[in-house]
Structure formats: C-alpha cells, structure tokens
Amino acid sequence: MIDTVLYYLVPTLLVLGTVVFMEWFAAWSHEHIMHGWGWGWHKSHHEPHDEALEENDLYAVIFGIFAVFLFWVGATIFWPVWWIAIGISIYGILYFFFHDGLVHQRWPFKYIPRKGYLKRVYQAHRLHHAVEGRDGCVSFGFVYAEPVDKLVKKLHGNKNGFDQSALKDDDQRPAAH
Ligand SMILES: [Zn+2]
Ligand SMILES: [Zn+2]
C-alpha cells in the first residue's frame, strides 16, 4: 500500500513542485535577466514587427534544450529528474498557451477573455507591454498575475507613463506588441 502511494505521490509532487517553481523562476528571470543583461534578445519581444519569429524565442529554445537534457539524465542516471523534466514541459505548454496564445495571438484563432482569471492574466501581461523600453515594467509572471488595479497603481508611479490602451478590450491591437 505505502509503496503504491509513494509510487504516485513522489512523481506527482515533483511535477507540481516543478510547475510552481518554474512560474517563480520564469518571473524572476524575466525581471532580472530578460529586462537586465539579457535585454538584447528580449527587446525583440517589446517592439512591433512583422516577422513570425523573434530573437526572444531563443529563450524558449534554451529552456527546451535544457528539458531534453533533463529527460536524458532522468532516463539514464537518476529517475526523479525525469519527472522534473515533465514539470518543465508542462510549464512550457502553459507559457505557450497564456503568453504566446492568449496574449499575443500567435495561434490561428482569436479569443479574448472577458472575465475571471483568464482576463486577469491577459490584462496583466498587456500592462507588462504598456511601458516603453526595459525599465519600469510590471507583471513579469505568466501564469500568476497580480490584480489589475494594483498593477495600474504601480504604473501610475512610473515617470515615463504608460500606454492606457492596454486596458481596453480592443481586438485591433498588433499581434506582437
Ligand atoms: Zn518583458
Ligand atoms: Zn509578451
């Protein structure tokens, strides 16, 4: 009995723990690396453009390669790592769904959330893009988002101001800005 519980419990905790950790790590690295010394690649994501791909996508490629490496470690050296790699992959799918899909419409259909949690995540990331340049931005996470009025309050304290149109539900906005 206890064997069966552990057999399922350990992988479940590893996967869930990794997904939660990844949201923290993604928000932290977005704020301190992408908007810091890593701005060179991330800048492409904060500027309007017509190309399908951005230099910023290289970050996703690096995470992908790292996950593949962890799958290999898990399969050959130390099995728990395999479940960590699963957690990172699930986070990658969540990131794609919320960030690339919902907010930036990099999928072939249009869906704009009008209420609840999805709307909050959507608006929070649009507010992330409402400030020009790398400094003074808010909301660096992708799955968790602070309440929108809190973010707006922070943005009002921003000396460079912010683009108020990010709060509108307009579906005319450019796909990648
Ligand atoms: Zn950013
Ligand atoms: Zn974005």
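Note that the structure is predicted; figures quoted are calculated from it, not measured. Basis for what follows: all heavy atoms, side chains included, without hydrogens, waters or symmetry-related copies.
Side chains of Asp57 and Arg106 form a contact here, defined as non-hydrogen atoms less than 4.5 Å apart. Counting only heavy atoms from C-beta outward, the side chains of Ile112 and Tyr122 approach each other to under 4.5 Å. Side-chain contact between Phe98 and His125: absent, with no pair of heavy atoms (C-beta onward) separated by less than 4.5 Å. At a threshold of 4.5 Å between non-hydrogen side-chain atoms, the residues Pro80 and Leu14 count as touching. Side-chain contact check for Leu155 versus Val131: some heavy-atom pair is nearer than 4.5 Å. In this structure, the side chains of Phe162 and His156 come closer than 4.5 Å at one or more pairs of heavy atoms. Side-chain contact between Phe142 and Glu23 is present, with at least one heavy-atom pair separated by less than 4.5 Å. The side-chain heavy atoms of Thr18 and Tyr91, taken from C-beta on, include no pair separated by under 4.5 Å.
Note on ring orientation: taking the six-membered ring where Trp is involved, the planes of His35 and Trp39 are tilted (angle from 30° to 60°). Ring geometry, His99 versus Tyr95: the interplanar angle falls under 30°, so the pair is classed parallel (tilted spans 30 to 60°). Between His30 and His46, the two ring planes are tilted [angle within 30° to 60°]. Ring geometry for Trp107 versus Phe109: interplanar angle under 30°, hence parallel rather than tilted (30 to 60°).
Distance alone, capped at 3.5 Å, places no donor-acceptor pair between the Asn56 side chain and the His45 backbone.
Hydrophobic clustering, with ILVMFWY side chains joined whenever heavy atoms are under 4.5 angstrom apart, groups Leu6 together with Ile84.
Nearest heavy atom pair, residue His128 against residue Val138, reads ND1-O, 2.9 Å. Smallest separation of non-hydrogen atoms from Gly133 and Cys137: O-SG, 3.7 Å.
More than 12 non-hydrogen atoms from other residues, nucleotides or ligands lie less than 6.0 angstrom from OH of Tyr117. Summarising the local packing, CD of Glu132 is surrounded by 12 or fewer heavy atoms from other residues, nucleotides or ligands at distances under 6.0 Å.
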